[in-house]
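A short write-up of the structure that comes next.
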There are 2 protein chains.
Amino acid sequence: MSTATISTPLSAPLTNTNVTSLVDRRLLHETVIDQLRDLIVQGELAPETKLNERVLAEKLGTSRTPLREAIKFLASEGLVELLPNRGAVVAPLKPGKMKEVFVVLGALEALAGDLACRNATEADIAEIRGLHYHMLAHHARGELAQYFRYNQQIHIKFMECAGNATLAQVYRGLNAHVKRARYLANLSRERWDKAVQEHEDMLAALVKRDGARLQTLLRDHLANKLVMVMEALAIPRVAAER
Amino acid sequence: MSTATISTPLSAPLTNTNVTSLVDRRLLHETVIDQLRDLIVQGELAPETKLNERVLAEKLGTSRTPLREAIKFLASEGLVELLPNRGAVVAPLKPGKMKEVFVVLGALEALAGDLACRNATEADIAEIRGLHYHMLAHHARGELAQYFRYNQQIHIKFMECAGNATLAQVYRGLNAHVKRARYLANLSRERWDKAVQEHEDMLAALVKRDGARLQTLLRDHLANKLVMVMEALAIPRVAAER
DNA sequence: AAACGCTTTTTTGTATGCAAAATGAAGTGA
DNA sequence: TCACTTCATTTTGCATACAAAAAAGCGTTT
């Protein structure tokens, strides 16, 4: 997402006394945004965790100012909730919210699929096929984490093929929410196999450039994912809806 | 969106020396977010305007800190762009970006229309009908600003009827972009009439609860809106695509 | 022991200070 | 005239300071 442009040593002015300048090209509050987002998405900061500014700033090695700016940014993304005069918490993972997000994601992915069928080059399709087979391999070996990795990449590649950066951005934002739930999921082999079969069908539809079919496949795929997440959410928690 | 809870004078402690406390229940950086967003959406801060922190903070009557937090928030919404070490600018209104946004908005509104056909109560429909007739009246009198007002309200009400807060939130964010273009638009009577006719059809579809039809109507409606915006964007500017 | 008032501590929200980077204005030489 | 330095000014990015609000103790009373 971010290709840091590092000034070449040769072209850099010699007045540069600071050695670290080769490393910290990025702005502090931007790295803090990414770090904090990762902590939340990876589940290290669990939903509803209070974000203590002093502690977090220390943990991330900055002062409170850039941290607060990062928190505001992520609040707009919806990953954290602001409580006036009481700071911020990691956005809760309510089943109702998940349901809403999946409905929207379904529409967005369907749109992306339709666009991808029109715009994808043969090279794009070849790349997706490659990712698909990697995914199949990890599925066969039961390597869940790696499976998820390629699964995500395929969906992201679909978005890229759609050629609509705005669509991709909105997708990423909502997807971040959903990814948090993944770490709770206890995927049954049966459901897992089904999801893989759905991916087979999706790839076939893309190859045939059957946009209408791909749309419905994606919508169904998302609906099934939702069911899985809901099950995972229902088991370990007391009941987060409120 | 924000219903400020004002503490009743009677329950307020008498140690309170500050008279303004009755007003500023809301957090400063939150009001700054709203103020800044308004300035951008209303076009007072034109696209590509540089946001000078010192000047803006003074204008909004705060220090730079809450302003910077607001800027980060709106950057995540996409209304401002962050330029590392060079501050922030109001997000440019590129035709390409508009096109992308309208495609996504089309999908979101179509989804909302479909959901609304299932979920809207008779009272909801009555309210939309009311807004619709207000809109017709302003259209007949050629009152563009008022027309837009009710037009917006109808679309927002559709979103509400869909009963998906996440959908509504994403919609609002993207819609803010589009609203900025409105002030540039020079609506021809012909296009205006057409848009009104489309609204007639949409209302009819909702009444019949014909979700499929409403979806296509909304998609077409958005596509037509895009054409209008593109024309408006093409005329007054040098050529913003880059 | 639960409910309350009170004080102390912690935490948040905002303003200010300071250093680094960017911008702009002369000035110099080709 | 134009390019290129150099230096002063402005502006941004981050850290810190301070005030107000919330939370946590802690006796006291019932």
Side-chain angles (χ1 to χ4, degrees), chain A residues 2 4-7 11-36 48-75 80-90, chain B residues 2 4-7 11-36 48-75 80-90:
Chain A
S2 57
T5 20
I6 302 201
S7 61
S11 71
L14 294 177
T15 57
N16 194 341
T17 60
N18 186 347
V19 185
T20 68
S21 65
L22 281 177
V23 193
D24 61 12
R25 287 319 304 155
R26 297 190 66 209
L27 246 28
L28 190 45
H29 67 256
E30 304 215 333
T31 72
V32 172
I33 288 172
D34 289 345
Q35 290 180 63
L36 188 51
E48 319 205 23
T49 305
K50 191 159 174 355
L51 300 179
N52 183 309
E53 296 178 0
R54 191 179 44 77
V55 173
L56 249 182
E58 197 164 333
K59 177 167 181 173
L60 300 181
T62 71
S63 77
R64 284 173 56 217
T65 308
L67 173 62
R68 281 179 62 89
E69 293 182 358
I71 287 174
K72 295 298 176 297
F73 194 96
L74 295 178
V80 315
E81 270 182 21
L82 301 176
L83 313 176
N85 284 317
R86 302 185 52 207
V89 298
V90 178
Chain B
S2 56
T5 19
I6 304 203
S7 62
S11 70
L14 293 177
T15 56
N16 194 342
T17 59
N18 186 349
V19 186
T20 68
S21 65
L22 281 176
V23 194
D24 61 12
R25 286 317 308 151
R26 298 189 63 211
L27 246 27
L28 191 43
H29 67 254
E30 301 215 335
T31 72
V32 172
I33 288 172
D34 290 345
Q35 289 181 71
L36 188 51
E48 319 204 23
T49 306
K50 193 164 174 352
L51 300 179
N52 183 309
E53 296 179 1
R54 191 179 44 77
V55 172
L56 249 183
E58 197 163 333
K59 178 167 179 173
L60 299 182
T62 72
S63 76
R64 285 172 54 216
T65 309
L67 173 62
R68 281 179 61 91
E69 294 182 357
I71 287 175
K72 296 299 178 295
F73 193 98
L74 294 178
V80 315
E81 269 183 19
L82 302 177
L83 313 176
N85 285 317
R86 302 183 51 207
V89 297
V90 178

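Sequence lines set the chain letters: A, B, ... in the order given, protein chains first and strands last, and positions in each chain run from 1. Remember, predicted model here, so these are calculated numbers, not experimental data.
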Report all interatomic pairs (protein N or O, nucleotide N or O of nucleotides 8-11 of chain C) with separations under 3.5 Å.
from   : atom 1 : to      : atom 2 : distance (Å)
C:dT11 : OP1    : A:Asn52 : ND2    : 3.1
C:dT11 : OP2    : A:Arg54 : NE     : 3.3
C:dT11 : OP2    : A:Arg54 : NH2    : 2.7

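Taking all atoms of both residues into account, the shortest heavy-atom contact from B:Ile71 to B:Ala88 is CG2-CB, 3.8 Å. Across every non-hydrogen atom of A:Ala70 and A:Val32, the tightest pair is CB-CG1, 3.5 Å.
Residues A:Lys72 and A:Leu82 are in side-chain contact: their nearest non-hydrogen atoms beyond the backbone lie under 4.5 Å apart. In this structure, B:Leu67 and B:Leu36 have side chains that are in contact, with non-hydrogen atoms separated by less than 4.5 Å.
At a non-hydrogen distance threshold of 4.0 Å, B:Arg64, B:Arg68 from residues 58-70 of chain B come into contact with DNA chain D.
The shortest distance between the side-chain N/O atoms of A:His29 and the OP1/OP2 oxygens of D:dG13 is not below 4.0 Å.
One can place CG of B:Leu82 at 8 Å from P of D:dG13, the figure rounded to the nearest angstrom. C:dT23 atom P lies 9 Å from atom CG of B:Asn85, rounded to whole Å. One can place CD1 of B:Ile71 at 11 Å from C1' of D:dT12, the figure rounded to the nearest angstrom.
Separating the CG atom in B:Leu83 from the NZ atom in B:Lys50 is a distance of 7.0 Å, to the nearest 0.5 Å. Rounded to the nearest 0.5 Å, atoms CG (B:Leu74) and CD (B:Glu69) are 12.0 Å apart.
The side chain to side chain contact (heavy atoms under 4.5 Å, CB included) test with B:Glu81 singles out one residue from B:Val89, B:Leu51, B:Val90, and that residue is B:Val89.
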Could you list the donor-acceptor pairs under 3.5 angstrom formed by side chains in residues 53-60 of chain A, with sequence neighbours left out?
from    : atom 1 : to      : atom 2 : distance (Å)
A:Glu53 : OE1    : A:Arg64 : NE     : 2.9
A:Glu53 : OE1    : A:Arg64 : NH2    : 2.8
A:Glu53 : OE2    : A:Arg68 : NH1    : 2.7

